[in-house]
Asks: 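The structure that follows is given in the form of structure tokens.
Here the structure is a predicted model, which is why all the values come from computation and not from measurement.
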Amino acid sequence: MALRAHTVTSAPTFHSRQFQRPTFPPTTTLRFRNSSSTRTNSLTAEQVSFTEEENSLVEALIGIQGRGRSASPQQLNEVESAVKVLEALQGVPEPTSSSLIEGRWQLMFTTRPGTASPIQRTFVGVDFFSVFQEVYLQTKDQRVSNIVKFSDAIGELKVEAEASIKDGKRILFRFDKAAFSFKFLPFKVPYPVPFRLLGDEAKGWLDTTYLSQSGNLRISRGNKGTTFVLQKKAEPRQRLLSIISTGTGVKEAIEEFISLNQNIGESELQEGEWQMVWSSQEETDSWLENAANGLMGTQIVKGNEQIKFVVDAFLGLKFSISGTLVKSGSRTYDVAMDDAAIIGGGFGYPLEELGSKFELELLYSDDKIRISRGYNKILFVHIRTDGLKQK
């Protein structure tokens with residue numbers, strides 16, 4: 001394999017067509033088909049309703065990994081803007097007195113300041129775990145609990161707090177007990193934190209700054225400066241990405257998602273930067289082969305029928321392979337990748353013998369997520385990382 005150095009005079013540039021954010025009616029209702037399946041990772045659920053402003057926040061959350069820990073500045077700005085819009089609308093008045101705040105909420109996003117609690121620093125940013133908050137205020141024993149669910153097979157950690165209502169928005173709480181519940185043990189294992197000895201460190205407050213009229217979406221702010229976005233019912237793309245993060249039943253969930261969303265979404269391969277989050281094939285022993293075939297890294301689609309795979313290598317080096325794509329059917333493209341190089345320090349080192357040709361079939365695509373079948377009929381899921389193209 002011959003190598004020759006050539007200077008990269010500037011970063012590659014390209015012109016993008018402008019894509020318009022989908023227009024939704026004042027209330028968007030997502031319905032799912034009923035299913036008799038008992039599979040834990042089923043995407044079927046009851047209807048989920050969001051207003052146009054709420055849907056803007058949900059859209060901003062889709063594709064953010066680590067519940068905000070790995071969000072780009074642009075993604076954080078989109079979430080922050082959507083949160084401020086909803087907080088200005090206020091939602092349900094005096095949410096702490098409403099029955100809609102009761103129940104189990106799934107944590108979808110949180111800011112992570114340095115003052116975050118140990119449980120937040122340890123578990124919240126790990127997508128493999130599901131994180132919930134239970135709120136029960138309309139009982140004699142008022143409680144707020146934070147729950148980290150490791151998996152259906154392993155169990156969960158539950159940290160409980162006695163709670164009281166200060167006013168229409170604020171809940172006061174004091175952590176008083178916690179325990180691990182493992183599926184393989186008949187008893188609970190105490191969480192080794194002496195809450196009674198922590199004094200004021202075990203106390204806090206939580207403001208609900210927005211509660212949706214449907215009871216599906218909540219925004220809260222804590223005493224340590226943390227913002228939380230929680231949902232009772234997840235949107236189908238959120239459910240799919242959550243299943244992908246667990247690594248269990250992914251292919252079945254993708255097939256179900258596609259069947260529930262036939263003829264929905266874009267039929268064109270959208271421009272932008274797309275991060276590969278899952279593929280149906282395990283990576284091979286050849287790092288270069290994995291990178292060249294899109295089994296890792298970022299895929300960049302350009303407006304002039306060009307496509308590029310980019311993978312961070314090591315010591316500041318990047319692997320890059322460019323090619324062309326030509327539409328061959330209503331949802332298929334012929335792709336030819338033939339311009340590979342290792343890029344670093346302003347120079348490119350061509351890998352002349354590396355390349356491939358394959359058909360790319362678009363199975364589902366919108367502004368946030370794309371499901372396709374590519375090289376060697378491998379199934380891919382990508383999430384968009386560069387935000388929406390604005391008009």
Side-chain angles (χ1 to χ4, degrees), residues 1-2 41 43 63 65 237 240-241 243-259 261-262 265-302 304-314 317-343 349-366 368-385:
M1 180 169 60
N41 285 343
L43 293 173
Q65 297 176 295
R237 291 170 295 175
L240 176 60
L241 292 173
I243 291 171
I244 288 174
S245 70
T246 69
T248 302
V250 177
K251 196 168 184 179
E252 294 84 354
I254 290 173
E255 291 172 352
E256 183 178 359
F257 179 87
I258 293 173
S259 70
N261 291 277
Q262 290 180 352
E266 300 288 336
S267 60
E268 300 287 335
L269 196 63
Q270 292 201 36
E271 301 168 28
E273 297 182 8
W274 297 82
Q275 178 72 34
M276 200 278 290
V277 294
W278 184 85
S279 76
S280 58
Q281 177 174 305
E282 298 289 337
E283 295 179 3
T284 69
D285 293 335
S286 172
W287 187 91
L288 282 177
E289 181 181 345
N290 294 328
N293 294 327
L295 293 175
M296 57 174 65
T298 301
Q299 186 182 99
I300 303 173
V301 180
K302 305 179 182 182
N304 51 352
E305 298 185 336
Q306 293 187 2
I307 188 170
K308 177 186 288 188
F309 300 158
V310 179
V311 180
D312 290 329
F314 50 89
L317 299 177
K318 292 179 181 292
F319 170 84
S320 171
I321 183 168
S322 301
T324 60
L325 52 92
V326 178
K327 194 165 187 179
S328 56
S330 61
R331 286 178 173 267
T332 59
Y333 292 81
D334 290 330
V335 179
M337 308 299 292
D338 57 9
D339 186 10
I342 297 293
I343 307 296
Y349 302 89
L351 307 175
E352 295 181 346
E353 297 179 4
L354 203 59
S356 63
K357 293 182 179 180
F358 57 90
E359 180 182 75
L360 187 151
E361 180 183 6
L362 199 59
L363 302 177
Y364 176 85
S365 179
D366 60 31
K368 291 291 186 175
I369 185 172
R370 187 178 75 212
I371 305 172
S372 62
R373 185 174 286 111
Y375 172 79
N376 205 24
K377 301 297 182 181
I378 298 171
L379 199 61
F380 292 92
V381 178
H382 289 82
I383 56 174
R384 193 168 189 168
T385 58

Asks: Going by atom types alone, do Gln275 and Thr298 pair a side-chain donor with an acceptor below 3.5 Å?
Replies: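 A donor-acceptor contact under 3.5 Å links the two side chains.
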
Asks: Using a 3.5 Å distance criterion without hydrogens, assess whether the side chain of Arg237 forms a donor-acceptor pair with backbone atoms of Phe257.
Replies: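 A pair under 3.5 Å: no.
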
Asks: Could you grab the distance from atom OH of Tyr364 to atom CZ of Arg370, nearest 0.5 Å is fine?
Replies: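 That separation rounds to 13.0 Å.
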
Asks: To the closest 0.5 Å, what do you measure between OH (Tyr349) and CD1 (Ile342)?
Replies: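 One finds 10.5 Å between OH of Tyr349 and CD1 of Ile342.
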
Asks: Working to the nearest 0.5 angstrom, can you tell me the gap between Leu354 CG and Ile321 CD1?
Replies: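 Output value for this atom pair is 5.0 Å.
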
Asks: Testing the basics here: between Leu240 and Ile369, what is the closest heavy-atom pair and its distance to 0.1 Å?
Replies: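 Heavy-atom minimum between the residues: CD2-CD1, 4.0 Å.
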
Asks: Without swapping roles, check the side chain of Ser372 against the backbone of Leu362 for a donor-acceptor pair under 3.5 Å.
Replies: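 No.
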
Asks: Taking Asp366 for its side chain and Lys368 for its backbone only, find out whether a donor-acceptor pair lies under 3.5 Å.
Replies: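 Side chain of Asp366 to backbone of Lys368, a donor-acceptor pair under 3.5 Å: yes, one is there.
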
Asks: Say you draw a straight line from CD1 of Ile254 to CZ of Phe380; how long is it, rounded to the nearest 0.5 Å?
Replies: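 Reported value, rounded in 0.5 Å steps: 11.0 Å.
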
Asks: Please evaluate residues Glu361 and Lys377 with respect to the criterion salt bridge (charged side-chain N to carboxylate O under 4.0 Å, His left out), reporting the C-alpha separation (whole Å), side-chain torsions for both, the decisive distance (0.1 Å), and the verdict.
Replies: CA-CA 9 Å; Glu361 180 183 6; Lys377 301 297 182 181; 5.8 Å; no

Asks: Look at Arg373 together with Glu359 and state whether they make a salt bridge at an N to O cut-off of under 4.0 Å.
Replies: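 So Arg373 does not pair with Glu359 through a salt bridge.
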
Asks: Indicate the atoms forming the closest heavy-atom contact of Tyr333 with Ser328, along with that distance.
Replies: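 For Tyr333 versus Ser328, the nearest heavy atoms are N-OG, 3.7 Å.
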
Asks: Of all the heavy-atom pairs spanning Leu241 and Gly63, show the shortest one and how long it is.
Replies: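 The answer is CD1-N, 3.8 Å.
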
Asks: Shortest non-hydrogen contact from Glu305 to Val326?
Replies: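 Result for this residue pair: OE1-CG2, 4.5 Å.
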
Asks: Could you measure the distance from the NE2 atom of His382 to the CD atom of Glu273? Nearest 0.5 Å is fine.
Replies: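 Here the interatomic distance stands at 12.0 Å.
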
Asks: In Å and rounded to the nearest 0.5 Å, what is the OG to NZ distance from Ser279 to Lys251?
Replies: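 With rounding to 0.5 Å, OG (Ser279) is 10.5 Å from NZ (Lys251).
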
Asks: Return the orientation label for the Trp287 and Phe319 ring planes: parallel under 30°, perpendicular over 60°, tilted otherwise.
Replies: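 Trp287 and Phe319: perpendicular rings.
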
